[in-house]
Amino acid sequence: MTGALFEISFFLAAPFWLLMILAPNWRPTARIAASPLTVLPVLALYLVMAVPVFPELWDAVRSPDLDTFRDLMALANGAGAIWAQVIAWDLLLGQWMFLEGRRLGISPLVMGLLLVLTILLSPFGLLLFLTLRAARKPRTRPGNPVPDRVAGATPA
């Protein structure tokens with residue numbers, strides 16, 4: 001059962017990643033990416049896997065050391081819960097990167113590559129994105145000195 005939940009956790013996040021990578025200019029993509037609710041199904045799986053190993057999980061976070069964390073990861077539900085947590089946080093990170101990329105006017109192709117890297121190795125994707133972000137200025141609409149929150153957004 002835990003193995004199936006482990007696999008399902010990524011597939012629950014995959015549609016949102018696919019929207020940001022393959023349909024970045026589709027109007028609903030930005031609205032969906034702006035919602036933190038996208039991670040709720042993955043967090044539900046996290047809870048299903050974390051509750052049975054909560055004492056071990058609590059020990060690992062209450063007094064972190066390598067051996068305690070290793071003990072947690074040796075449990076199928078422990079490893080599954082940590083994996084679901086990583087999937088959820090990576091998705092939130094990817095959504096933020098996607099929205100920031102739009103705000104800054106970064107090419108959807110470049111953002112797509114950064115998002116794929118973030119799916120696979122999120123620290124590397126984030127570092128490259130932050131480097132690119134530092135070199136960019138926010139895109140503004142003509143006559144509006146304030147950058148759009150989401151590029152293409154209509155004024156309130």
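Just so it is clear, the model here is predicted, and its values are computed rather than measured. Note that the numbering runs from 1 along the sequence shown for the chain.
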- Item | Ring-ring centroid check F10 W17, cutoff 6.0 Å |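 Not under 6.0 Å, so no.
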Please round to the nearest 0.5 Å and tell me the distance separating atom [atom1] of [X] and atom [atom2] of [Y].
| X | Y | atom1 | atom2 | answer |
| --- | --- | --- | --- | --- |
| T118 | D90 | OG1 | CG | 8.0 Å |
| L99 | Q95 | CG | CD | 7.5 Å |
| F129 | E100 | CZ | CD | 5.5 Å |
| L91 | I119 | CG | CD1 | 9.0 Å |
| F16 | F98 | CZ | CZ | 13.0 Å |
| E56 | M73 | CD | CE | 13.5 Å |

- Check the pair L40, L37 against side-chain contact (heavy atoms from CB on, under 4.5 Å), reporting the backbone distance first and the verdict last. CA-CA 5 Å; L40 288 180; L37 301 178; 3.6 Å; yes
- Message: Under a 3.5 Å cutoff, is there a donor and acceptor pairing between the side chains of D65 and T68?
- Response: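 T68 and D65 do have a side-chain donor-acceptor pair below 3.5 Å.
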Test item: [X] side-chain N/O and [Y] main-chain N/O as donor-acceptor pair under 3.5 Å:
| X | Y | answer |
| --- | --- | --- |
| S35 | I32 | no |
| T29 | M20 | no |
| T131 | L127 | yes |
| R102 | P24 | yes |

Please check if [X] and [Y] belong to a single hydrophobic cluster, counting links between Ile, Leu, Val, Met, Phe, Trp and Tyr side chain heavy atoms closer than 4.5 Å.
| X | Y | value |
| --- | --- | --- |
| L120 | L19 | yes |
| V51 | L72 | no |
| V116 | V110 | yes |
| L75 | L66 | no |
| L12 | L18 | yes |

- Take L126 and W96 through the side-chain contact (heavy atoms from CB on, under 4.5 Å) test and state the conclusion after the steps. CA-CA 10 Å; L126 178 59; W96 174 78; 4.2 Å; yes
Looking at every heavy atom in both [X] and [Y], which two are closest together, and how far apart are they?
| X | Y | answer |
| --- | --- | --- |
| L57 | A50 | CD2-CB, 3.9 Å |
| L115 | M97 | CD2-CB, 4.3 Å |
| V42 | A84 | CG1-O, 3.3 Å |
| G112 | I21 | O-CG1, 4.2 Å |
| D67 | R70 | OD1-NH1, 2.8 Å |

- Message: Run the side-chain contact (heavy atoms from CB on, under 4.5 Å) test on W83 and I87 for me, step by step, so that the C-alpha distance in whole Å, both residues' side-chain angles and the decisive distance to 0.1 Å come before the verdict.
- Response: CA-CA 6 Å; W83 179 249; I87 295 295; 3.7 Å; yes
- Message: Assess the residue pair L132 and L114 against the criterion (side-chain contact (heavy atoms from CB on, under 4.5 Å)); give the C-alpha distance rounded to whole Å, side-chain angles, the decisive distance to 0.1 Å, and a yes or no.
- Response: CA-CA 10 Å; L132 180 58; L114 286 170; 4.0 Å; yes
- Output all residues satisfying side chain to side chain contact (heavy atoms under 4.5 Å, CB included) with P55, sequence neighbours left out; order by chain, then residue number.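 With sequence neighbours excluded, P55 shows a side chain to side chain contact (heavy atoms under 4.5 Å, CB included) to no residue whatsoever.
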